[in-house]
Structures are given as C-alpha cells and as structure tokens.
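Since we're looking at a predicted model, the values are computed, not measured. Chain A is the first sequence line, chain B the second, and so forth, proteins listed ahead of strands; every chain is numbered from 1.
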There are 2 protein chains.
Amino acid sequence: MKDVAASAGVSLGTVSNVLNKPAAVSAATRERVERAMAELGFVRNESARQLRAGTSRTLAYVMLDGGNPFFHDVARGIESGAEDADLSLFICNSDGRAAREAKHLDRLVQQRVQGILITPVDPSASHLREIGRRGIPLVMVDRLGGTGDCCSVAVDDVLGGRIAIEHLTDRGHERVAFVGGPESIGQVRERLLGARQVWSELGRDAADLIHLPTEALTVAEGRGAGERLAGLPARRRPTAVFCANDLLALGLLQQATAIGMRVPEDLAIVGYDDIEFAAAAAVPLTSVRQPREELGRTAARLVLAEAGDPAHRHEQACFVPELVARASTAAVRHPARKR
Amino acid sequence: MKDVAASAGVSLGTVSNVLNKPAAVSAATRERVERAMAELGFVRNESARQLRAGTSRTLAYVMLDGGNPFFHDVARGIESGAEDADLSLFICNSDGRAAREAKHLDRLVQQRVQGILITPVDPSASHLREIGRRGIPLVMVDRLGGTGDCCSVAVDDVLGGRIAIEHLTDRGHERVAFVGGPESIGQVRERLLGARQVWSELGRDAADLIHLPTEALTVAEGRGAGERLAGLPARRRPTAVFCANDLLALGLLQQATAIGMRVPEDLAIVGYDDIEFAAAAAVPLTSVRQPREELGRTAARLVLAEAGDPAHRHEQACFVPELVARASTAAVRHPARKR
DNA sequence: TTGTAGGCGTTATCAG
DNA sequence: CTGATAACGCCTACAA
C-alpha cells in the first residue's frame, strides 16, 4: 500500500480509504490510486487485515467422514452460506478420529476463524466446550446439541426411522431387518428407535424386526451385512432391509446382486441420506432424504448470527426428513411372502 | 504473549523463545512459562505469525468437480503431504466454472498461501500464469503442463485408453464404444486417442470403435449414453463400452440394468479412475486406476520443493495407470457375439 | 540465558 | 477530502 500511495502520489491513508470506503475519496484520486494498484499488481495482504481485525474472514467445517458424499453436500451448503457473507470456508476431515479432530480444532483456533461448524466424533467431548469458552461460535451439524450449550442443526432421525419402516410395511413387508451400527452413533440409535416405534405401534412382533449390527457405516460393512442376511434360514430371512445410511445400502445391494438375489423382488432396500450415488445405483435406491445443503446453509446462518451478536441465544434447528421412493422398494406383483 | 510473560515473570522474548527455540531456555523458566500459557489459555495468533513471516502455513487445492470422489481422493493425498510439512490444506471447488476458479485464486493470493495445487478448468488460462508471476508456486494436478512453465502431475491417459481397449479385445469383444466428452477436456481426447491407437494397431475396422459423445462426465450423461446405445440396431450395437470416467460408467450400468441388459453378458463396461463407488457398484466395475492419492502426495511434494528453492526447475511427473478387472468385464461362457 | 527494539501490512483516529 | 500516526501480535536480531 505504501508503494501504491507513492506511485499514485497520495498518502497511505488515502489508499486505505479507496479500499475500504471508496465513497470518501474523490473520483479523480480514486481512479489514480486504482490505476497504480493495477500497475503494481497490488493484492491486499489478508493476514495483515486479520491481525488488525482480530478475526479472520473464514468459517471452518470439520466433517466426520470425507469418504461419505453426504458430508460434502453439507459442506456445499455451508459454503453457499459463507459466500453470501463473503467469507471463505475451510474444510477439514476428522475421519472419525478424535485426535485428528482435536488437531484440526487447534489449528482453527490459531487461525482465529470466525466460526466453526462441526459434525463431531463425540458430541460431548471436552475440546468442543473449550472452543465455546474461547468465544468462537460453534455449531454442531447433524447432531442435536442436547445440552443446549451451543447451536445445532439436525434432522429428526427418529422420524426418519419411522417413515422408512412405514414405507416398507405399506409395501407389504412383514419381516424387516435394520442394518447399522455401532450404536455409539446417535443417529444409528435414533433411526433404529423410530423403526421400532412404528413396528410396535402396528402391533407387529418385535422378533420380525431384526437388527443386523455393523461396525461402521461403510460399503464394506453393508456387504458383510448382506452375507449374514443371506446366511439366515429362508423362513427367518427378512424380505426388506432398512439401512442406517446409503453406503451400507449400496454394499448390501452389491452383495445381494452377487448372490443372485433380485432387488426388490427378493429383497427390498431402503437407504438413508439420499446421496447422489443412491439414485445412481444399478437399482435406484429408495432413501430417506436429509436436506443436506439446507442443513449446511442453516448452520452457516446460525454461526454467523452468533458471531454477530454477543447476546446470542443458542438455537437448535431440526429438519424433517422425507422418503424418496425408487425402484429398490417398488411394488412387486407377487410380494415375496411365501405364505 | 505479553500477558503470559507478565504472568510468568519473564520478558516477552523469553516467551517467544519457549515457543520457537525451547532449547535456548532453561528448563525451569520454560516450565514456568508453559504453565502460564496453560493457565491463561494462550493460543498463538496465526495471522500475526503470517504477517511476520510473509507467508501462511497453508497449501491450497482448487478442484475441478466436488461431486466427483476422484478429486477428493487426490485431495486426501495432498493433505497427507501437507501434513508431513506441518501445513494446512485449504480446499476449494471451482465446479468447472472459470469465474469461480478465478475468485478462489484471488482469495488464495490474498491469503499468501505457500503454494497452489489446481486441476484447472482451462490449463492455458491467463490467471494461472498470473499466479506464477506473483511468485506463488503452482502445480497442475491431473493435467500435463505441456508448456513446462509450471510443475505438473498427471497420469498417462493415452496409455490408460490403450489398456482399457486391450483388456476388452482380450476378452473377445469386436465392437466397442467409447463414451465420453466433451472433447475440450484433454483427458477425454487422450483416452480416446489411446483407444483408437490400439484399435488400429490390432488391424480392426475403425467403424467398429464408435464414439458416443457426452456433454459432461456425469452419471446423468452416462445414463443418456446408455439410452442411445440401446437405440442402436442390434447388428451395430457394441458388446462392450469404455467410459471416460467412472461416473459415466455408473450411469451406463444403471441404464443397462433398467432396460434389462445384463452386465457383462450383454454389455461389458470399463470405467476410468477406479473411484470407490466403481468397486461398490451392484456389478463391480472394471476400471482404469489412477494412483489418486499418490498424485496428490507428489503434487504436494513438488509445490513444497518449488517453495523452498528459488532456483527450482519445473518438473512434470507422469504416472502409469493400471487396469483393475472386476465383474463388469468378466469372461462370459457365450460371448455376446451373435455373428 | 534473558531482555529490548523494530517492523511485517492494514486499519482507525484525528488533526489539518 | 487528505495525511500522519498508533496499534494489532509475533519474531528476530542484538545487546546485556
């Protein structure tokens, strides 16, 4: 800026004004300064701005699993929210590991980011609370901040479980499996809970809604669940499966195909999240859609609201999931119900 | 730091030393200072460090299509390289739009990032050259920097096209389609070129290697190509397809399934990139694998080398692709060749 | 081994 | 409307 000022024959302060309040500079001077900036190839130094301002022009999202497109879609929503406020978005991936998460968080605090959005490994971890104490707004994404000591955005997973099962029973299925785990994940618990609620409300036998636990929400685990499913004796084998997420569902579909089970004729499948690859599967998957991008946009809105207002009250936004029916649960002429 | 110094009863310089050259401080003082830092919850201010240092501790990757897992895998490789150098990675998505790309680049220059990795919308765009002139190391990822005025990492796409076709001809296919476009994308051109090379070397009739152009490398376009394929008269219809990337292949697989074509019996499919969802498809897809993470790691290495050495010579790393055979091209008892 | 001084590039303040 | 000046927090000489 000093060079620009010299080259334009004005003072440093004037250059600053051109940048920050152009209205306060005469058109002639302004143009002279702008020409000088262009000639010298001047680019604002963001770290200096930040140092002065005390905070960066950046938001950060720490996602739980970079291998799951769901989180990238959420990130896209956040980015669109950030853009509206002319902020950049820093994306990190904890990969489900608390240590990585902590390291990322540490860096972000050092960068003095304006706010942090996070889908945490453990929503009750102490390092999250630490962030709040530092005065950095934090919003939990896709996790209900039950304790209310921070903002959160989430989707009603109990309801999601309910509509999945309702759809399957509507389609005439009488023996259903829930595939998903570990139960340490809140989402898994709630989706299962919703499923069981509906099941019992319909007066079904609890034994006809079996739970096939998995160790993670991945394609590989979905395949494994498919194997176990196929190993069940025919009379106990479910005619439909509700998977805790789409990756599981894709793995399951693959395994089913491999062993010659037809979907949906021999086995109907419902996934969760409605990622693009669910719709793109060989047999398009029915899935419980979460408003991924809106989740992100809302999270961005909340974090900015908190950043802008010291007397901010924490808010818990909860969205409603929606069933998207596709071929994997299409009605079959002869429902797979052998008496 | 001033507060920490006061609280520990030492000078500001000593606190700095504890942080930057702990060896130069007596153990006793150091511990006193560290305790003070912990008590006060002191966290280094990264922007101040950056301002002083003149450059940030950050690398950036501008990817071409956030919806394609391929680029996320590359990003993961870059991140691992960045981590080794204790740098953060800033991930941006140009989404194939030059304007977005330029905007991101602009921000990154303002942030004074240490280096930029980019899969550019247009490798010859002027704003890329601009970056180099600013003295910021830039590495092109997955694009050969033909002109040699920057480093680049890429995979031999001509070779990739060759091995895909060789695999299909080995499997006995005599009529093959190449699905992909637009040809403005270098990769598409080269993969097609490689395919045609082999085809003619084998003395095949050029008319038996048809090109089904697409407008983008997406699942939806893959579906569309599938429709066009099905519309061909049986005698002209290829028995195998080579897709310019896995998203196309997945779309094609879906369309084929929808209209009752069996894969690989009626139609064999080869994809490109070997993203996870290729292996996870209902019929696991044969694909030409690119060493995605290594691509990223190498790119990170190159950009750091350039940043560290002013007398740096640009380097063009080129990797060798590898065919991963799966069910989508498995040998069939009765090759789908109706004379 | 410890303390002191100056400056990195911006922005805000305040007097012309 | 313009220009001088003092921070912002840290790092690195250099001096003690």
Taking atom P of C:dT2 as reference, at what distance in whole Å does atom NZ of B:K21 sit?
13 Å
Between B:H104 and B:I118, does the side-chain contact (heavy atoms from CB on, under 4.5 Å) criterion hold? Intermediate values first, please.
CA-CA 11 Å; B:H104 281 308; B:I118 184 169; over 6 Å; no
Determine whether the aromatic ring centres of residues A:F90 and A:Y61 are separated by less than 6.0 angstrom.
no
Salt bridge or not between A:E31 and A:R35? Use side-chain N to carboxylate O under 4.0 Å.
yes
Outermost nucleotides of DNA chain D that come under 4.0 Å of a non-hydrogen atom of chain B:
D:dG9 to D:dT12
5' precedence on DNA chain C between B:R30 and B:L51 (nearest-nucleotide basis):
B:R30
Looking across every strand, which nucleic acid part, if any, lies under 4.0 Å from B:M1 by heavy atom: base, sugar-phosphate, or nothing?
sugar-phosphate
Rounded to whole Å, please give me the gap between CZ in B:R112 and C1' in C:dG9.
9 Å
Do B:E101 and B:R97 meet the salt-bridge criterion of a basic N to acidic O distance under 4.0 Å?
no
Quick check: are there more than 12 heavy atoms from other residues, nucleotides or ligands sitting under 6.0 Å from CD of B:Q110?
yes
Taking NZ, NE, NH1 and NH2 as the nitrogens, is one of them in A:R292 or A:D273 under 4.0 Å from a carboxylate oxygen of the other?
no
Does any residue of residues 31-42 of chain A have a heavy atom under 4.0 Å from DNA chain C, and if so, which ones, in number order?
A:F42
Below 4.0 angstrom, which residues in residues 3-20 of chain A have at least one non-hydrogen atom near DNA chain C?
A:L12, A:S16, A:N20
Carboxylate-amine/guanidinium proximity below 4.0 Å for A:R30 and A:E34
no
Check this one for me: any side-chain N or O of B:T29 less than 4.0 Å away from OP1 or OP2 of C:dT2?
yes
I would like to know whether B:L217 and B:V188 meet side-chain contact (heavy atoms from CB on, under 4.5 Å); could you show each step before the answer?
CA-CA 9 Å; B:L217 302 174; B:V188 174; 4.1 Å; yes
Assess whether a salt bridge exists between A:E79 and A:R76, defined as any Lys/Arg side-chain N lying under 4.0 Å from an Asp/Glu carboxylate O.
no
Donor-acceptor contact below 3.5 Å, side chain A:N45 vs main chain A:A48:
yes
Does A:E83 come within less than 4.0 Å of B:R100, counting only side-chain N to carboxylate O?
yes
Between C:dG9 atom C1' and B:R49 atom CZ, what is the distance in whole Å?
18 Å
Using a 4.0 Å heavy-atom cut-off, does B:R52 contact any base of the nucleic acid, only the sugar-phosphate backbone, or nothing at all?
base
